[in-house]
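The basis for the numbers below is simple: all heavy atoms, side chains too, and nothing from hydrogens, waters or symmetry mates. Chain identifiers are assigned alphabetically (A, B, ...) following the order of the sequence lines, protein sequences preceding nucleic acid strands; residue numbering begins at 1 within each chain.
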There are 2 protein chains.
Amino acid sequence: MLKVSTRSQYGLRAMIYLARHQREICPLKDISKEEGISFDYLEKIISKLEKTGLVKAKKGARGGYFLAKSPKKIKIGEIIRPLEGEKGLVKCMAGSYRCPMVKKCLSKKFWGKIQNALNSVLDSITLADLIKTP
Amino acid sequence: MLKVSTRSQYGLRAMIYLARHQREICPLKDISKEEGISFDYLEKIISKLEKTGLVKAKKGARGGYFLAKSPKKIKIGEIIRPLEGEKGLVKCMAGSYRCPMVKKCLSKKFWGKIQNALNSVLDSITLADLIKTP
DNA sequence: CAAAAACCGACTGATTCCGTCGGTTTTATC
DNA sequence: GATAAAACCGACGGAATCAGTCGGTTTTTG
């Protein structure tokens with residue numbers, strides 16, 4: 001339905017939170033409380049972001065999460081894409097799939113354009129851009 | 001999951017078909033056969049496009065569908081948006097919904113930007129653009 | 001009248017979303 | 001060393017949506 005899942009929305013909000021608390025180690029409890037997002041769900045989301053290397057974790061008491069690099073170097077696309085799954089906007093762009101109509105199909109190229117446009121917008125904005133209050 | 005539904009993909013292909021058969025009246029059977037899309041499903045899709053006024057129908061024997069206006073005047077966004085539902089990319093942009101965090105939320109503006117960018121790409125391309133074979 | 005077509009609404013299996021839950025491991029502090 | 005706080009992990013489940021099917025109605029042509 002061309003919708004951004006709450007996963008991505010929550011993930012972005014968590015990243016914004018971390019960006020505003022740079023050089024601190026933020027326990028998930030604080031983020032979830034502050035943002036009003038389910039702790040358990042947010043855990044799954046941030047763990048994904050950790051696996052892609054955007055976020056680092058410190059375990060144990062007084063542990064928590066923190067950004068792996070400066071907000072200036074984090075493009076929003078890097079946050080959204082892993083959370084949405086890298087499948088691509090339409091099935092016919094997913095790596096494995098081979099559309100039987102590909103020869104005659106005029107629309108594939110179109111969807112590729114849309115996808116590229118979307119990605120470049122997402123990559124033209126950094127986390128730092130979002131937190132600077134003008 | 002930030003995916004375009006097959007509804008839209010099929011809808012677009014049907015519109016391309018109609019554009020390539022301008023001034024003909026195309027029975028759904030032909031479109032579905034040519035494009036390899038389920039007749040029954042396509043019927044639901046095209047009926048939606050008819051309701052939005054992009055396509056006109058002629059009932060009865062020797063009836064069928066045809067474009068309501070020239071392909072040059074049909075923006076792809078006009079095709080996709082009704083098929084995807086006008087809900088917006090994220091819940092917090094849907095007309096009725098009031099997010100409790102709206103005051104502090106830095107991301108809403110961001111999603112608005114993304115949505116606008118997407119819409120302008122979709123509206124920058126016409127059906128005519130898609131069928132001219134370069 | 002018969003056939004061809006659009007029109008319409010109800011139903012269904014599968015998938016994905018959006019969480020929840022219970023338990024494990026790691027670490028800091030007392 | 002015990003305890004508590006935190007990250008980590010996998011299984012489960014209700015709800016929504018998707019993609020499609022089906023059966024029937026209405027309209028028009030020949």
Side-chain angles (χ1 to χ4, degrees), chain A residues 1-14 18 24-33 35-52 54-66 68 80 83-92 94 97, chain B residues 1-14 18 24-33 35-52 54-66 68 80 83-92 94 97:
Chain A
M1 217 209 198
L2 202 46
K3 248 182 56 186
V4 175
S5 61
T6 60
R7 257 203 314 285
S8 300
Q9 301 175 52
Y10 293 170
L12 178 59
R13 282 162 63 186
L18 291 178
E24 294 172 46
I25 294 191
C26 308
L28 198 55
K29 191 171 50 150
D30 293 358
I31 312 182
S32 93
K33 204 171 286 175
E35 293 291 330
I37 299 171
S38 148
F39 178 90
D40 289 304
Y41 193 29
L42 191 53
E43 190 175 59
K44 286 176 54 167
I45 294 169
I46 208 161
S47 119
K48 186 134 212 169
L49 294 176
E50 201 220 337
K51 270 167 199 141
T52 72
L54 285 181
V55 152
K56 282 186 176 148
K58 181 155 183 292
K59 289 179 84 170
R62 300 204 132 236
Y65 294 96
F66 53 97
I80 305 303
L83 293 177
E84 291 296 320
E86 306 273 8
K87 302 287 186 52
L89 216 50
V90 296
K91 192 167 74 171
C92 64
Y97 182 72
Chain B
M1 213 205 198
L2 203 45
K3 246 181 57 185
V4 175
S5 62
T6 61
R7 258 203 314 284
S8 299
Q9 302 174 51
Y10 293 170
L12 179 58
R13 281 161 64 187
L18 291 178
E24 293 173 46
I25 294 190
C26 307
L28 198 56
K29 191 172 50 155
D30 293 358
I31 311 181
S32 95
K33 203 171 287 174
E35 293 290 329
I37 299 170
S38 147
F39 178 91
D40 289 305
Y41 194 28
L42 191 53
E43 190 176 60
K44 283 175 55 166
I45 295 167
I46 208 161
S47 117
K48 187 136 211 164
L49 295 175
E50 203 221 334
K51 268 163 202 142
T52 72
L54 286 179
V55 152
K56 284 192 174 143
K58 181 154 184 291
K59 292 179 82 169
R62 300 207 126 233
Y65 294 95
F66 54 97
I80 305 303
L83 293 177
E84 292 295 320
E86 306 274 7
K87 303 284 184 60
L89 214 49
V90 296
K91 193 168 71 170
C92 63
Y97 183 71

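Contact annotation: B/Y41 side-chain N/O to D/dC22 OP1/OP2 distance is not under 4.0 Å. Residue A/S5 places no side-chain N or O under 4.0 Å from the OP1 or OP2 atom of C/dC17. For B/K58 and D/dT29, the shortest distance from a side-chain N or O to OP1 or OP2 is below 4.0 Å. In this structure, B/R62 does not reach the C/dA5 phosphate: none of its side-chain N or O atoms is under 4.0 Å from OP1 or OP2. The phosphate of C/dC8 has neither OP1 nor OP2 within less than 4.0 Å of any side-chain N or O from B/K44. Contact annotation: B/K59 does not reach the phosphate of C/dA3 (side-chain N/O to OP1 or OP2, under 4.0 Å). Close to D/dG20, at under 4.0 Å from its OP1 or OP2, lies no side-chain N or O of B/S38. For the pair B/Y10 and D/dC18, the criterion of a side-chain N or O lying under 4.0 Å from OP1 or OP2 is not met.
Going from atom CD1 of B/I37 over to atom C1' of D/dT21 covers 16 Å, rounded to whole Å. The interatomic distance linking B/E50 (CD) with D/dT27 (P) rounds to 14 Å, in whole Å. Taking atom CD on A/E43 and atom P on C/dG22, their separation rounds to 14 Å, with Å as the unit. C/dC18 atom P lies 11 Å from atom CG of A/L83, rounded to whole Å. Residue A/E84 contributes atom CD, which lies 13 Å from atom C1' of C/dC18 at whole-angstrom precision. In this structure, the CD1 atom of A/I25 is 18 Å from the P atom of C/dT26, given to the nearest Å. The interatomic distance linking A/K3 (NZ) with D/dC18 (C1') rounds to 13 Å, in whole Å.
The residue A/I46 sits apart from the nucleic acid: no heavy atom pair falls under 4.0 Å. B/S47 comes within 4.0 angstrom of nothing in the nucleic acid, heavy atoms only. B/K56 comes within 4.0 angstrom of no nucleic acid atom, judged by non-hydrogen atoms across all strands.
Counting only heavy atoms from C-beta outward, the side chains of B/F39 and B/K33 never approach each other to under 4.5 Å. A/R62 is not listed as a side-chain neighbour of A/I25, based on a closest heavy-atom distance of 4.5 Å or more. Between A/T6 and A/I37, every side-chain heavy-atom pair lies at or beyond the 4.5 Å cut-off. No side-chain heavy atom of A/L49 sits under 4.5 Å from any side-chain heavy atom of A/Y65.
Closest to the side chain of B/D40, from the set D/dC9, C/dC7, D/dC22, is D/dC22.
Panel note: side chain B/E84, backbone B/S5; a donor-acceptor pair is recorded below 3.5 Å.
Of all non-hydrogen atoms in B/L42 and B/A14, the two that sit nearest each other are CD1-CB, 4.1 Å.
In terms of position on DNA chain C, the residue among A/F39 and A/A61 whose nearest nucleotide sits closer to the 5' end is A/F39. Heavy-atom distances to DNA chain C give each of B/K51 and B/K29 a nearest nucleotide, and the one nearer the 5′ end belongs to B/K29.
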